[in-house]
Amino acid sequence: MSPEPSSSDRLLAVDRLVKRFGGFRALDGVSFALGAGEVLGLVGPNGSGKTTCINTISGLYPPDGGAVRFAGQTLGGLPPHRRARLGINRTFQSPRPFASLTVRQNVALAAAYGRRHGADAGPADIAALLAELELDGLAERRAEDLNSAQQKQLDLARALATRPRLLLVDELAAGLNPAELARMAERLAALAGGGMALLVVEHLLGFLDRLTDRVIVMNAGREIFEGTLSEATRDGEVVRVFLGGEHVG
Amino acid sequence: MAAWQKWWPGLAVFTVVVAGVLAGGARADEAPADIKIGHLHAGSGPYASISMPVYDSLKLWVEQQNANGGAFVKAYGKKIPLKLISYDDQSNPGTAATLTNQLITQDKVDLLVCDSGSVLTAVSVPIAREHKMFLFDPTGTGAAFFSKDNPYIALLADPVSTVWPRYLWEFLKSDAARLGAKRVALLYSTNDFTGTQANSIRAALKEPGSPVEIVFDQGVPTSTSNYSVLIDNIAATNPDMVLELGYVGNDIAFLRNLQESGQKFKGVFTLYPGIETNVLLKNVGASGLAGVFSYVTALGLTLKPEIGMTVEELRAAFEKAYGEGGVEFGWNAIAGHVTGLVIGETLAHADSLSQPDLRRAVFGLSGKLKTLVGTFELRDDGAQIGELTPIGQFDAAGKIAVVYPPEFATAKPVIGAP
Amino acid sequence: MLVHALLGGVIYGCYFTLIGLGLNLVFGVMRIVNLAHGDVLMLGAFAAFFLFHLVGLSPFIAAPVVMVGFFLLGLPFYYLVVPRLALAKDAEMLSLILFFGIQQIIEALAAIVFGSSERSIPGRVLGVGPFHFLGQTLSRAWVIGAAIAAGAVIALYLYLYHTRSGLLTRAVMASRDEALASGIDIHRISARAFAIGLALAGLAGVFAPFMLGSVTPAMGVSVNLAAFAVIIVGSLGNPLGTVAGGLIYGVGLLLMQTYFSAWADLLPNLLLIGVLLARPTGLLGRRVRLA
Amino acid sequence: MRDFLSVGLPVVAIFALLPLVYANQLLLFNFVLFLILAQGLNAIYGFTGYLPFGYVGFFGAGAYGFALAVMHLAAPPALALLLAGLAALVLAMILTPLLRLSGAYFAIANLAAAQAVYQVIANPALQDITKGPYGVSLASVFAPRASYGAALLILAGVLALVAWLRHGRFGLALQAGRDDPVSAAMAGIPVVSSRIIAWLISALIAGLAGGVFAWHISVFYPETAFDLSTSIFAIVFTLFGGAATLSGPIAGVILLYGLYNLIGISVPQYFQLIYGALIVGLVLFLPRGLASLLQRRGVDVP
């Protein structure tokens with residue numbers, strides 16, 4: 001849709017991406033691009049295709065049309081674990097830990113399998129990561145015994161353990177209290193500051209506002225707006241879609 | 001952490017306890033208080049219907065002996081009570097194997113009797129041989145069990161499967177062919193027992209100069225429970241005589257389907273009506289058996305036994321003991337009785353209870369023991385060849401009469417019977 | 001021969017639809033694999049046997065008696081076992097093992113109470129003489145079995161699609177969690193479906209002595225294998241797909257018996273594996289069941 | 001390795017010594033056999049969540065692999081054992097597409113596959129190769145002591161393997177894929193290929209068990225080698241003790257198979273009934289096995 005003149009030299013370039021489920025077009029030609037250190041917000045009502053977009057970029061769904069390019073390479077049908085090793089990782093809307101393994105094992109596995117070759121992680125690396133995400137006290141607990149907020153931290157820790165260059169964040173903020181929200185926003189901003197590209201799907205616009213000014217608004221599998229968050233709130237179509245949808249935010 | 005250290009003693013103790021309990025009763029005295037007969041039966045599963053009658057009948061025989069103060073044991077010159085130890089292998093060969101070993105090594109039985117049917121017998125054969133125990137094999141007819149280098153087995157109550165069909169093919173090639181049954185259809189279940197018989201029948205009918213032609217020859221899985229289409233296909237080849245060889249359930253299904261199909265053949269032979277006549281009569285009815293040919297066993301022959309009961313006495317005793325319950329009186333019940341008789345005679349003739357002496361005694365009976373099934377006769381590899389399997393034909397009342405061979409015949413075969 | 005195998009297969013296959021129907025309903029609603037299905041069928045067969053031989057009831061009267069009886073037994077049985085099973089993490093897998101245990105208990109009790117001999121009911125009870133149709137001669141038992149099966153399928157269809165309870169049952173089938181969230185009493189609906197499943201197995205059992213020649217306490221396992229093939233080919237969890245499964249099974253079996261009789265028992269297994277690999281959801285399935 | 005030394009080796013040692021004090025060696029052999037099979041099943045079910053109801057298919061393939069090697073190649077038992085493992089491995093490769101299925105679909109398809117293999121081997125059309133339904137006799141290589149020893153060696157290897165799976169990176173990756181295949185993939189774990197490797201390992205173990213069984217028992221029919229209860233036993237034992245641990249399946253075999261034999265010998269008339277009730281009780285009251293009793297208290301069961 002909207003032209004992206006310099007998309008080829010960006011870290012992630014999504015080009016007219018299409019994903020169908022039976023007759024339903026969950027993604028209907030979405031295009032955008034994202035550079036290293038950039039944060040892009042993805043907003044829209046439920047069912048507008050945000051999570052499908054993340055699932056397609058991370059390789060869970062094969063696309064039915066269009067292309068995803070990462071660091072100059074067209075990903076095609078590359079399976080998710082290979083994408084993880086290339087440097088694409090994500091969190092999940094509802095956390096998905098390895099329930100029967102300990103917190104440390106969760107993170108250590110991702111560090112062992114998810115990094116590019118030769119970038120092995122020592123126990124110290126993992127301990128540091130756990131400490132950074134306030135999981136160090138829980139390291140020997142089984143993941144299934146954690147509460148939901150802790151499991152979200154674990155999701156993030158596991159994604160970060162693979163040293164991603166692109167992080168896809170799917171509604172990480174939901175269910176966190178204000179203090180946790182603030183710390184999480186700070187942490188993501190710091191990651192972007194360190195050169196990581198972030199694609200953030202979020203309902204909480206306040207949370208998003210602390211991270212970035214650049215958003216894409218989606219509806220029915222299409223991108224209906226791209227620009228700053230403040231512009232978006234003044235855009236007629238965006239407002240109509242949100243009022244008509246079931247957005248709470 | 002160190003949880004396993006807490007576990008280990010528990011497991012170890014359990015293992016020892018189990019081993020101890022399983023090992024219980026290991027002792028051998030000079031003058032035994034009883035003679036221990038070890039036996040296996042299948043209380044459930046696919047082999048239960050052939051195994052339970054053998055077990056019940058053997059149990060009945062033991063009880064009768066004990067009611068008279070036990071069996072006479074020559075080695076001690078007096079009557080000694082018998083003790084039957086019979087485990088349930090649930091038709092599971094692996095369990096049958098361990099239980100056989102249990103009987104030998106832990107219960108230290110004096111005589112070893114295996115379960116019925118070849119699949120369950122098979123596992124006991126090498127175990128008995130390894131422990132140099134003589135195996136009393138009631139009905140496991142598999143040809144592979146009997147070889148000259150294994151002295152530790154004798155088949156008691158069934159003829160070895162290659163012997164069964166001899167009169168059948170002779171009948172087909174002589175009387176039946178003369179009466180106009182020249183085209184034969186052969187349908188058999190693909191298992192050891194019936195497959196072996198089908199193979200020898202086929203070979204005999206294909207010998208040069210045979211007046212009989214095989215026009216249909218197919219095996220079906222033993223699990224087959226419906227024969228309608230097969231009957232239709234057989235009819236399409238226009239045979240005079242149809243041979244169906246299967247287990248009890250196969251024969252029931254075949255005969256019922258034949259009756260329902262409205263197809264008529266000049267002659268029909270199936271295996272079990274003469275063997276488990278009660279079961280077949282109940283399931284197929286006299287009308288379904290009218291005119292059907294089958295093997296005639298002791299059930300149909302009125303042999304005068306020199307030892308043990310006649311068929312009718314045994315039937316009465318069996319039904320008195322077990323009622324009109326789930327276990328039907330039939331050939332397998334007779335097999336259990338014969339097993340008992342052979343054991344009794346063995347004890348009465350063996351110089352000691354050592355296994356070689358038992359074997360000598362069993363083989364010494366060969367050709368001399370006339371029971372309700374005929375003469376007990378062993379080939380030197382232990383296979384049973386003495387019993388007769390003449391061919392009989394059912395009348396409209398559900399009674400079978402011998403029609404072949406001529407020396408036993410009490411009726412003339414009718415080809416093209418209603 | 002070909003026409004006979006095809007026509008006979010369709011008629012015979014209807015009975016296999018009946019065998020699979022209850023098993024599939026239970027799986028569809030509860031995600032439970034009832035490995036004791038064949039043994040419930042066996043109990044139905046023995047019930048019919050005793051009702052005939054002791055009381056003289058014809059199978060046509062025994063059928064509703066058995067169905068009502070099994071339905072009424074099914075309800076408490078459900079509450080005794082299934083809610084507790086559903087608590088487990090891996091309930092679908094555990095159900096296989098649980099119902100294997102139940103199957104062992106049923107078979108053991110049946111062997112103790114009924115004995116292990118073959119039993120049947122005389123074929124003349126259903127009437128005498130085969131049916132003639134399209135120039136083919138068809139067994140009377142087959143045609144009656146097919147009619148009963150058709151009646152059961154229609155009744156189940158009417159229940160599922162034209163009653164409130166059926167609507168709720170379909171809702172539970174579509175998604176247990178959402179049904180729960182929308183306030184449906186899942187256990188009441190499931191218990192009913194479970195009991196119907198047993199009643200259908202009992203119904204199939206009443207006619208088993210005619211369709212399978214004779215019955216024994218050990219017959220359950222082989223019935224299960226056939227039932228699995230039928231419902232998986234049709235699509236697991238879709239009761240109406242069972243019709244397709246049954247017909248394919250029947251026609252396939254009779255074709256095999258006609259042309260490759262010694263390999264006939266291989267067919268259901270190959271059919272099952274083949275269909276699952278080509279269409280993991282069964283021929284009429286919608287749900288994604290891939291790992 | 002610590003688990004192997006503390007749990008695995010003592011088990012092997014006990015079963016190596018028991019024949020000296022207990023004469024029913026066949027019972028001991030069956031214990032060893034089920035210890036092997038339960039751990040083999042553990043490798044696939046415990047670590048990946050795939051329940052192979054037709055596990056006995058690999059066992060039977062191994063038994064016939066052994067028998068064919070002896071009958072047609074006159075192979076010595078050691079070589080025949082390797083070929084038994086190979087036979088099961090090849091079967092597992094052919095059946096790999098089944099892993100695309102999940103849940104009950106996989107379990108039932110696997111059961112059907114085992115049945116199909118049995119029906120092919122037992123078919124009289126293959127009489128010249130497999131002896132069809134007429135059974136095989138391997139009297140020429142019958143050597144109960146040697147085969148018992150071989151079974152112990154296999155058991156030692158299998159226990160070491162499972163101990164490694166429990167703590168090694170690969171085993172953890174398998175468990176991650178079992179807990180959540182999607183997030184495991186995002187952690188960079190090649191879920192599908194590691195699952196296939198577990199499947200092949202598990203089949204290889206069953207094949208070796210089948211081979212050593214054929215050697216030990218020496219006369220058997222296809223019904224014996226493909227007896228469905230072999231699968232069920234292995235599953236129930238594993239489940240009872242606790243899947244995905246090393247000691248769970250061991251405890252399961254020793255307790256349950258011990259109990260099985262106790263019942264069979266002391267109250268044979270109610271054998272099946274009691275055993276069925278035991279299984280029902282297990283699933284309803286202890287669905288995650290004995291190990292879960294300790295795990296619930298935070299103990300790391302080896």
Side-chain angles (χ1 to χ4, degrees), chain A residues 54-55 57-61 78-102 104-117 119-121 140-145 151 154-164 167-168 170, chain D residues 3 42-43 45-50 99-100 162 164-198 238-239 242-246 248 287-289 291-302:
Chain A
I54 285 192
N55 284 346
I57 295 171
S58 57
L60 297 185
Y61 300 152
L78 201 67
H81 69 274
R82 301 280 297 279
R83 294 184 193 222
R85 290 176 193 173
L86 276 180
I88 300 178
N89 223 300
R90 62 173 293 176
T91 67
F92 296 92
Q93 203 169 339
S94 49
R96 307 182 70 156
F98 307 141
S100 63
L101 303 186
T102 65
R104 189 190 304 282
Q105 285 170 331
N106 265 268
V107 176
L109 267 179
Y113 277 92
R115 294 188 182 179
R116 274 146 291 170
H117 292 292
D120 220 355
E140 304 310 326
R141 295 272 289 277
R142 282 169 167 251
E144 64 191 339
D145 298 333
Q151 287 187 345
L154 177 57
D155 246 24
L156 183 59
R158 208 175 44 199
L160 294 180
T162 65
R163 300 238 176 100
L167 184 65
L168 313 167
D170 196 357
Chain D
D3 286 354
N42 194 15
Y45 176 59
F47 289 84
T48 72
Y50 277 69
L99 289 172
R100 290 165 52 207
V162 173
W164 168 70
L165 279 182
R166 272 208 19 98
H167 292 289
R169 205 174 86 167
F170 179 69
L172 288 176
L174 285 177
Q175 296 184 62
R178 174 200 62 198
D179 287 355
D180 194 321
V182 170
S183 52
M186 287 321 300
I189 296 167
V191 178
V192 172
S193 57
S194 48
R195 192 182 284 153
I196 291 174
I197 292 171
T238 305
L239 211 73
T245 65
L246 179 65
R288 293 172 83 174
S292 68
L293 290 178
L294 293 172
Q295 282 164 344
R296 235 181 271 155
R297 301 198 188 112
V299 179
D300 178 28
V301 179

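Remember, it's a predicted structure, so these values are computed and weren't measured experimentally. Numbered from 1 within each chain, the chains take letters A, B, ... in sequence-line order.
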How about M186(D) and R96(A): do any of their side-chain heavy atoms sit closer than 4.5 Å?
no
Quick check on E144(A) against chain D: is it the side chain, the backbone, both or neither that has a heavy atom closer than 4.5 Å?
side chain
Does any heavy atom of chain D fall under 4.5 Å from the side chain of L101(A), the backbone, both, or neither of them?
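For L101(A), the contact with chain D is made by backbone and side chain together.
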Rounded distance (nearest 0.5 Å) linking atom [atom1] of [X] with atom [atom2] of [Y]:
X: S193(D); Y: H81(A); atom1: OG; atom2: NE2; answer: 5.5 Å
X: I189(D); Y: F98(A); atom1: CD1; atom2: CZ; answer: 4.5 Å
X: N106(A); Y: S183(D); atom1: CG; atom2: OG; answer: 8.0 Å

Any side-chain to backbone donor/acceptor pair from D179(D) onto P97(A)? Under 3.5 Å, distance only.
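Checked: no pair found.
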In terms of heavy-atom proximity below 4.5 Å to chain A, should A244(D) be classed as side chain, backbone, both, or neither?
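Neither; nothing under 4.5 Å.
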So which atom in [X] and which in [Y] form the shortest heavy-atom distance, rounded to 0.1 Å?
X: P190(D); Y: Y113(A); value: CD-CD2, 3.9 Å
X: A185(D); Y: A84(A); value: O-CB, 4.0 Å
X: L172(D); Y: L109(A); value: O-CD1, 3.4 Å

Given G114(A), S100(A), P79(A), the one with more heavy-atom pairs under 4.5 angstrom with chain D than any other is S100(A)
Quick check on the interface: out of N89(A), T162(A), D155(A), who has the most heavy-atom pairs with chain D under 4.5 Å?
N89(A)
Side chain to side chain contact (heavy atoms under 4.5 Å, CB included) assessment of R142(A) paired with Q295(D):
CA-CA 10 Å; R142(A) 282 169 167 251; Q295(D) 282 164 344; 3.8 Å; yes
